[in-house]
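Here the structure is a predicted model, which means the values were calculated and not measured.
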Amino acid sequence: MTLVVIGINHRTAPVEIREKVVFAATDLAEALRDLNAVPGVRESVIVSTCNRTELYCFTDRHFTDTPGAQVASWLGEWHDLTAQQLDLRDSLYQLHGKTAIEHVFSVACGLDSLVLGEPQILGQLKDAYRVALDHGVTGPYLNRLLQTAFSVAKRVRTETRIGANAVSVASATVAMARTVFENLDQHTALLVGAGETIALAARHLHANGLRRMIIANRSLDRAQELAREFDGYAIGLEALASHLSEADIVISSTASPTTVITYDAVRGALRERRRKPMFMADIAVPRDIDAEVAKLEDVYLFTIDDLQNVVNENIESRREAARDASQMIAAEIAQFEQQLKTLDAVPTIRQLRSDAEALRSQTTDQARRMLAAGRDPGEVIDFLATTLTNRLLHGPSQRLRDAAERGDVEVVTAARALLVSSPSAAATDEKEDFTHRSQRSQRSEQT
């Protein structure tokens, strides 16, 4: 068995192509069953997010003569891409073997994400695995692969700083606010604007337990829509000055060509606040907050440049952590490949034990019948040992003779490595055999 990964992600295709191969949650069960029916595919998982669609398949080894070709064809057929005149050949990546294992581990650790080190993909990967597991399309290989991937991801997050620092302006803004106000559960934030950056800042504030949120925007409808998401309060820009004194945190990002928050408005708000500190972040270009505000006492004002510098430093910190994570992954891959080799032998070992158990059961039944018929116990023991030995060795001996006649040296060499004991072990076996024979002889004389 070998691992094949077929995928498309934010690096290889724009969103207008990626959206064509997304698997809806309602279709996933049927898609998994259909994928597992592709000739050569034995186990499968489908990962489908806004940034990637990937198929993880363990296949028969001979199937990788053309790695992933049939799986890639299946992906196109499932989404009817021919009818849409969409060719994925320049967007798909096909990985197999060790490279595929490394990719899965990197995805789980957030090293292959749009935002380096983001943890969201790990949860999405666990969800995808759970669905595949529930529908019976995984097996010992994928189970071991993904459980190991989750373990590696946990170790990377514990032992490196891959996710420790903010790497977006919005998250960096909230992280800076927390340096002024350690806990946000007793504070109010005033967010000016309602675009993507403000929405992201709102999510980070909400996740950090902010007590109260006010959204100010030129379009009151849009402000109300965003406020509802976070149980906040919406106002128009004309009401901004009257609510400014309520805010411990002010984050502004509008498209206004002129100043939105004036020096006089902030000075008046501070007077009402009785010198309680105020954190302000101006992440707009042109700037929303009058630059003179920075001269006021009890105001901590940060601009987009200040925050971008923080982001750049944090990104470099994550890159250093990613290098450490890559070394961990390399060591885990080597260990995992050894585990895969063990799994390859499991069916053979299971069959060998099953056959041996059948022969043991047959032979011991015969020995019991001989004892019940009054045969000498020593004679029955000899019968049991001799017959069981002959039956266990008959098949392998015959196949070895056939291999020798064919000149199949590899089979003979492998059998010698498996079956022939070392000289010391042989001597021990011979000594034990002599002891057993002596004991049988003494029992016969006593009888």
Any side-chain donor near an acceptor of the partner, [X] and [Y], under 3.5 Å:
X: D288; Y: T254; answer: yes
X: E316; Y: N312; answer: no
X: E229; Y: H206; answer: no
X: T259; Y: R287; answer: no
X: E313; Y: N309; answer: no
X: N36; Y: S44; answer: yes

Backbone N/O of [Y] and side chain of [X]: donor-acceptor pair under 3.5 Å:
X: D282; Y: I289; result: yes
X: T148; Y: R144; result: yes
X: R18; Y: C50; result: yes
X: D290; Y: E292; result: yes
X: R391; Y: L359; result: no
X: E43; Y: G139; result: yes
X: R157; Y: G117; result: yes

Using every non-hydrogen atom in the two residues, find where [X] and [Y] come nearest and quote the distance to one decimal.
X: L240; Y: A216; result: CD1-CB, 4.0 Å
X: V180; Y: F279; result: CG2-CD1, 3.9 Å
X: P277; Y: F181; result: O-CZ, 3.6 Å
X: R130; Y: D127; result: NH1-OD1, 2.9 Å
X: H135; Y: A29; result: NE2-CB, 3.2 Å
X: V293; Y: M280; result: CG1-SD, 3.9 Å

Pairwise distance [atom1]([X]) to [atom2]([Y]) - rounded to 0.5 angstrom:
X: Q366; Y: S361; atom1: CD; atom2: OG; answer: 10.5 Å
X: C109; Y: I162; atom1: SG; atom2: CD1; answer: 8.5 Å
X: T99; Y: H96; atom1: OG1; atom2: NE2; answer: 7.0 Å
X: I315; Y: L116; atom1: CD1; atom2: CG; answer: 8.5 Å
X: T53; Y: L75; atom1: OG1; atom2: CG; answer: 7.5 Å
X: R178; Y: N183; atom1: CZ; atom2: CG; answer: 7.0 Å

What verdict does the side chain to side chain contact (heavy atoms under 4.5 Å, CB included) test give for V38 and T59, after you've listed the backbone C-alpha separation in whole Å, the side-chain angles of each residue and the deciding distance to 0.1 Å?
CA-CA 10 Å; V38 171; T59 69; over 6 Å; no
Side-chain heavy-atom pair [X], [Y] within 4.5 angstrom cut-off:
X: R11; Y: D112; result: yes
X: N9; Y: T12; result: yes
X: S397; Y: R401; result: yes
X: I121; Y: N51; result: no
X: N217; Y: I198; result: no
X: Y141; Y: R42; result: no
X: V104; Y: L146; result: yes
X: L191; Y: L205; result: yes

Applying side chain to side chain contact (heavy atoms under 4.5 Å, CB included), can you list everything that pairs with A100, at least two apart in sequence or on another chain?
L3, V5, L95
For A72, give me all partners under side chain to side chain contact (heavy atoms under 4.5 Å, CB included), at least two apart in sequence or on another chain.
I6, L92, Q94
Mark yes when over 12 heavy atoms from residues, nucleotides or ligands other than [X] sit less than 6.0 Å from its [atom1]; otherwise mark no.
X: Y300; atom1: OH; answer: no
X: Q398; atom1: CD; answer: yes
X: D231; atom1: CG; answer: no
X: R218; atom1: CZ; answer: no
X: D90; atom1: CG; answer: no

Salt bridge check: are [X] and [Y] linked by an N-O gap of less than 4.0 Å?
X: D402; Y: R399; answer: no
X: R161; Y: E320; answer: no
X: D298; Y: R273; answer: no
X: R33; Y: E30; answer: no

Given side chain to side chain contact (heavy atoms under 4.5 Å, CB included), test Y263 with L296 step by step and report yes or no.
CA-CA 9 Å; Y263 175 87; L296 292 169; 3.4 Å; yes
Contacts of T303 that satisfy side chain to side chain donor-acceptor pair (under 3.5 Å) - sequence neighbours left out
D306
Using 30° and 60° as the class limits, which term best fits the ring planes of F23 and H79: parallel, tilted or perpendicular?
perpendicular
Just do the side chain to side chain contact (heavy atoms under 4.5 Å, CB included) check on V156 and F105 with the steps written out, would you?
CA-CA 10 Å; V156 165; F105 286 5; over 6 Å; no
Let me see the working for L133 and L142 under side chain to side chain contact (heavy atoms under 4.5 Å, CB included), right down to the final yes or no.
CA-CA 10 Å; L133 193 64; L142 269 177; over 6 Å; no
